[in-house]
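Below is one structure, written out as C-alpha cells, with a few remarks after it.
Computation of the quantities below employed the complete heavy-atom set of this structure, encompassing side-chain atoms and omitting hydrogens, waters and symmetry-equivalent molecules. Keep in mind that this is a model prediction, so the values were computed, not measured. Chain identifiers are assigned alphabetically (A, B, ...) following the order of the sequence lines, protein sequences preceding nucleic acid strands; residue numbering begins at 1 within each chain.
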Number of protein chains: 2
Amino acid sequence: MTPASFRVLLALAGGPAHGYAVMRFVGRLSEGTVRLGPGTLYRTLQRLRADGLVEEVGGNDPTAPHDARRRYYRLTPAGRRAAETEARLLARTLRAAVERGLIAPEEGQGR
Amino acid sequence: MTPASFRVLLALAGGPAHGYAVMRFVGRLSEGTVRLGPGTLYRTLQRLRADGLVEEVGGNDPTAPHDARRRYYRLTPAGRRAAETEARLLARTLRAAVERGLIAPEEGQGR
DNA sequence: GGGTGTAGTATCCATCGTCGATATATCAAC
DNA sequence: GTTGATATATCGACGATGGATACTACACCC
C-alpha cells in the first residue's frame with residue numbers, strides 16, 4: 001500500500017467525502033507539511049476504485065448544499081479491511097519508534 | 001521523507017548497524033509483508049548519507065565477530081531529529097486511525 | 001583443500017508513484 | 001459580471017521502488 005493510498009482510505013474512513021475534502025484532510029493531518037497534490041489524489045482514487053477499495057456514491061451529500069462539481073466516494077468493506085491492516089502495521093512501526101526512544105510513550109496515541 | 005528512508009532511520013535508531021541487518025529489521029517490523037530490496041536499501045543509505053542524516057562508522061562492531069564485508073552506519077544528530085519529526089507525524093496519523101475506528105485504542109501503542 | 005550455502009554489498013533497469021503545472025467548470029461574494 | 005476560491009481531471013517530468021544480477025567473504029562439512 002502506498003502512503004497516498006492509505007491517506008485517502010483514512011480520510012474516507014470518517015465517512016463519504018469528495019476529492020477536495022480528502023486533499024484538505026491530508027493537509028490538516030500533517031499540519032500542512034504533507035500535501036496531496038491533485039495529480040496524486042485523483043490518480044490514487046482511480047486506482048483504489050479499480051481495486052475495489054473505494055466506490056463512488058451516487059448523488060450528493062444531503063447534509064451539504066448541493067454542488068454539481070462534487071463527486072463523493074466511500075470505502076467498500078474491502079477498503080475498510082485494507083485500511084485496518086495498514087493501520088495495524090503503522091501501530092507496530094510506531095511501537096518500534098517508542099522502544100527506540102524517538103518519541104515519548106504518551107505520544108504513541110494520546111492527545 | 002520517503003517510507004524507505006524512515007524505516008532505515010528507525011532501524012538505526014536502535015544503534016549502529018550494517019545494511020543487511022537493516023533489511024532484516026524492516027522485514028521483521030511488518031512480519032514479512034514489507035521488505036526492503038537491496039536496490040532500495042543501498043540507494044537510500046547513499047541518499048541519507050548525502051543529506052547528513054546517516055554516517056558510516058569507521059571500524060567494525062567490537063561486540064560482533066569480525067566480518068570484512070560489513071559496513072556499519074549510525075544516525076547523526078540531524079538524522080535522529082528527522083526520525084523524531086517523522087515519528088510524531090506517524091503518531092498523529094495513527095491517532096486519526098483510532099478516531100475513525102480502524103483499530104482499537106489499545107492497539108495504538110500497547111501490547 | 002574443495003564445495004556448497006548463506007551473508008553482505010553494490011549496481012542496473014523497468015516500473016510505478018508522486019509532484020507540479022495546466023486546464024476547465026462551478027460556486028459565492030460583491 | 002468579475003474576481004477568487006472550490007472542485008475535478010489530465011499530462012509529463014522526475015524520483016523512488018523492486019527485482020535481477022553480480023561479486024566477494026564467511027561458515028560449515030566432507
Side-chain angles (χ1 to χ4, degrees), chain A residues 1-12 16-30 32-51 53-61 64-74 82 86 89, chain B residues 1-12 16-30 32-51 53-61 64-74 82 86 89:
Chain A
M1 162 111 37
T2 71
S5 290
F6 177 64
R7 290 187 184 114
V8 170
L9 294 182
L10 182 56
L12 295 182
H18 55 98
Y20 202 76
V22 172
M23 264 183 71
R24 274 180 291 152
F25 167 80
V26 172
R28 277 200 313 277
L29 190 61
S30 66
T33 58
V34 177
R35 52 185 296 262
L36 204 56
T40 306
L41 170 67
Y42 291 105
R43 191 167 229 279
T44 300
L45 276 174
Q46 279 184 328
R47 200 177 340 120
L48 291 174
R49 282 173 57 189
D51 293 345
L53 302 183
V54 161
E55 62 190 355
E56 189 172 354
V57 183
N60 258 321
D61 182 357
H66 177 77
D67 189 331
R69 294 168 300 175
R70 292 181 172 172
R71 304 179 62 177
Y72 284 83
Y73 304 92
R74 72 172 159 219
E86 192 69 13
L89 176 55
Chain B
M1 162 116 32
T2 70
S5 291
F6 177 67
R7 290 187 185 113
V8 171
L9 293 182
L10 182 56
L12 296 182
H18 56 97
Y20 202 76
V22 172
M23 265 184 70
R24 275 180 290 153
F25 167 81
V26 172
R28 277 199 313 276
L29 190 61
S30 65
T33 58
V34 177
R35 51 188 296 261
L36 204 56
T40 306
L41 171 67
Y42 291 104
R43 192 165 226 279
T44 300
L45 275 174
Q46 279 183 329
R47 201 178 340 122
L48 290 174
R49 282 173 57 189
D51 293 346
L53 302 183
V54 161
E55 61 189 356
E56 190 171 354
V57 183
N60 258 322
D61 181 358
H66 177 77
D67 189 332
R69 296 167 298 173
R70 294 182 172 173
R71 303 178 61 178
Y72 283 82
Y73 303 93
R74 71 172 159 218
E86 191 69 12
L89 176 55

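Straight-line distance from the NE2 atom of A/His18 to the C1' atom of C/dA25: 16 Å, rounded to whole Å. What separates OH of B/Tyr72 from P of C/dG8 is a distance of 8 Å, to the nearest Å. In this structure, the CZ atom of A/Arg24 is 14 Å from the P atom of D/dA5, given to the nearest Å. One atom, OH of B/Tyr73, and another, C1' of C/dG8, lie 11 Å apart when rounded to the nearest Å. Rounded to whole Å, the distance from OH on A/Tyr20 to C1' on C/dA28 is 14 Å. At whole-Å resolution of the value, CZ in A/Arg35 and C1' in C/dA21 are 12 Å apart.
Taking OH of A/Tyr72 as the reference point, atom CG of A/Leu12 lies at 12.0 Å (rounded to 0.5 Å). In this structure, A/Met23 CE and A/Tyr42 OH are separated by 7.0 Å, a value rounded to the nearest 0.5 Å. In this structure, NE2 on B/His18 lies 5.5 Å from CZ on B/Arg24, to the nearest 0.5 angstrom. Within the model, atoms CZ of B/Arg7 and OG1 of B/Thr2 stand 8.5 Å from one another, a figure rounded to the nearest 0.5 Å. The OG atom of A/Ser5 lies 12.0 Å from the CG atom of A/Leu10; values are rounded to the nearest 0.5 Å.
Here A/Gly39 lies in heavy-atom contact (under 4.0 Å) with a base.
Against DNA chain D, the stretch residues 1-10 of chain B makes heavy-atom approaches under 4.0 Å through B/Thr2, B/Pro3, B/Ala4. Within residues 40-51 of chain A, the residues that have a heavy atom under 4.0 Å from DNA chain C are, in order of number, A/Thr40, A/Arg43, A/Thr44, A/Arg47.
Within the 4.5 Å cutoff, the side chain of B/Val57 has no heavy atoms near those of the B/Tyr73 side chain. A/Leu89 is listed as a side-chain neighbour of B/Val34, based on a closest heavy-atom distance under 4.5 Å.
B/Asp51 places no side-chain N or O within donor-acceptor distance of the main-chain N or O of B/Leu53, the cut-off being under 3.5 Å. The backbone N or O of B/Thr40 sits less than 3.5 Å from a side-chain atom of B/Thr44, completing a donor-acceptor pair.
Taking a cutoff of 4.0 Å between a charged side-chain nitrogen and a carboxylate oxygen, A/Glu55 and A/Arg49 do not qualify as a salt bridge.
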Could you list the protein-to-nucleotides 25-28 of chain D atom pairs, N/O on both sides, closer than 3.5 Å?
residue : atom : partner : partner atom : Å
D/dA25  : N3   : B/Arg69 : NH1          : 3.0
D/dC26  : OP1  : B/Ala68 : N            : 3.1

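The number of heavy atoms from other shown groups lying within 6.0 Å of CZ (B/Arg47) is above 12.
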